[in-house]
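Because the structure is predicted, anything quoted here is derived from the model rather than measured.
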Amino acid sequence: MVMFEEIVKDGVATLVRAMATDAWPMARDGVVRLFRRKGRSEQEAMAKRLDKDEARVSGSGTEDPDKVRVELAPQWRVRIQDLIDLYPAGAEELRELEREIRELLPKERQGWTQYNVARDGGQVFAAQGGDVKVNQLPPTPEKGVHG
């Protein structure tokens, strides 16, 4: 299930990045195709929702389009996660769609996803396209790891 959550997260991030770009028609059609599993009426409802959301991004006027994308992502994540939970076979189709969309996006919209986990007092220092410089004192017995 965790694997599916990552596929959904990546797919949705790429979907909202595609809104108001040349990659949008292919992204929209691909997502509508995913919802075929839930029947024609659900497909039509998702097509309308996608059109409305993309119109918000492209015609956001005084709103920052990227801010609108950030607001829309959690909603699409729930919709698509619910679909994949019901129809796990759709996860591979979503993964392939995400790859296809990403290739069509302009370079500045081709985001990356990074998944880092720290457990049991561990720490993660990560960067994408940049540097991480850590100047940390080693833990002392009386202060512990977190000082």
Side-chain angles (χ1 to χ4, degrees), residues 1-137 145-147:
M1 189 62 96
V2 171
M3 185 176 90
F4 291 158
E5 289 172 8
E6 289 304 307
I7 292 170
V8 169
K9 186 176 82 174
D10 293 348
V12 168
T14 302
L15 170 69
V16 297
R17 279 195 299 268
M19 291 178 175
T21 70
D22 290 341
W24 179 244
M26 194 274 288
R28 178 205 180 274
D29 292 348
V31 172
V32 169
R33 233 182 358 266
L34 275 174
F35 279 90
R36 75 185 178 282
R37 293 163 171 83
K38 292 184 90 175
R40 189 111 177 112
S41 64
E42 186 70 13
Q43 262 189 307
E44 290 170 2
M46 288 302 110
K48 287 178 185 175
R49 181 82 254 168
L50 285 161
D51 292 341
K52 183 177 177 183
D53 289 350
E54 194 275 339
R56 262 190 78 199
V57 172
S58 63
S60 34
T62 59
E63 279 189 283
D64 176 9
D66 286 330
K67 181 178 181 254
V68 176
R69 286 180 178 99
V70 168
E71 291 170 4
L72 293 173
Q75 298 165 30
W76 279 105
R77 190 168 180 185
V78 168
R79 290 179 188 119
I80 293 176
Q81 185 67 59
D82 287 349
L83 177 73
I84 298 302
D85 286 347
L86 286 172
Y87 305 98
E92 191 53 44
E93 185 179 346
L94 177 60
R95 184 194 319 256
E96 185 57 35
L97 177 62
E98 187 267 335
R99 286 182 194 135
E100 291 172 11
I101 296 168
R102 193 171 2 103
E103 288 176 12
L104 292 177
L105 287 173
K107 282 285 186 206
E108 65 274 5
R109 291 258 161 244
Q110 292 181 4
W112 298 92
T113 300
Q114 183 170 326
Y115 184 68
N116 302 296
V117 177
R119 291 193 173 95
D120 302 323
Q123 296 177 335
V124 174
F125 302 96
Q128 290 182 343
D131 294 352
V132 174
K133 295 180 179 152
V134 179
N135 297 309
Q136 184 176 13
L137 296 173
V145 173
H146 299 292

So Val8 and Leu94, do their side chains get closer than 4.5 Å, heavy atoms only? yes
Exam field: side chain Arg69 to backbone Val16, donor-acceptor pair closer than 3.5 Å: yes
Rounded to the nearest 0.5 angstrom, the CG-CZ distance for Asp10 and Arg99 is 10.0 Å
Q. Do Lys67 and Glu71 sit within salt-bridge range, that is, some charged N less than 4.0 Å from a carboxylate O?
A. yes
**Request:** Taking the side chain as every heavy atom from C-beta outward, state whether Met19 and Leu72 have any atom pair closer than 4.5 Å.
**Result:** yes
Can you give the donor-acceptor pairs under 3.5 Å from side chains of residues 23-33 to other protein atoms, not counting sequence neighbours?
from, atom 1, to, atom 2, distance (Å)
Arg28, NE, Asp51, OD1, 2.6
Arg28, NH2, Asp51, OD2, 3.2

Taking 4.0 angstrom as the limit, do Glu98 and Arg102 come out as a salt bridge? yes
Is there a side-chain contact between Met46 and Glu42 (heavy atoms, below 4.5 Å)?
-> yes
Taking every heavy atom of Ala18 against every heavy atom of Ile101, the minimum-distance pair comes out as CB-CG2, 3.7 Å
- Task: State, with a plain yes or no, whether a side-chain heavy atom of Leu15 is found less than 4.5 Å away from one of Leu97.
- Result: no
*asked:* Keeping Gln43 on the side-chain end and Lys38 on the backbone end, is there a donor-acceptor pair under 3.5 Å?
replied: no
- Compare all side-chain heavy atoms of Phe4 with those of Asp85 and state whether any distance is below 4.5 angstrom. no
- request: Decide yes or no on side-chain contact (heavy atoms from CB on, under 4.5 Å) for Ile7 and Ile84, but give the supporting numbers first.
  value: CA-CA 10 Å; Ile7 292 170; Ile84 298 302; over 6 Å; no
Residues at least two apart in sequence or cross-chain that pass salt bridge (Lys or Arg N to Asp or Glu O under 4.0 Å) with Glu93, listed by chain then number, are Arg36, Arg37
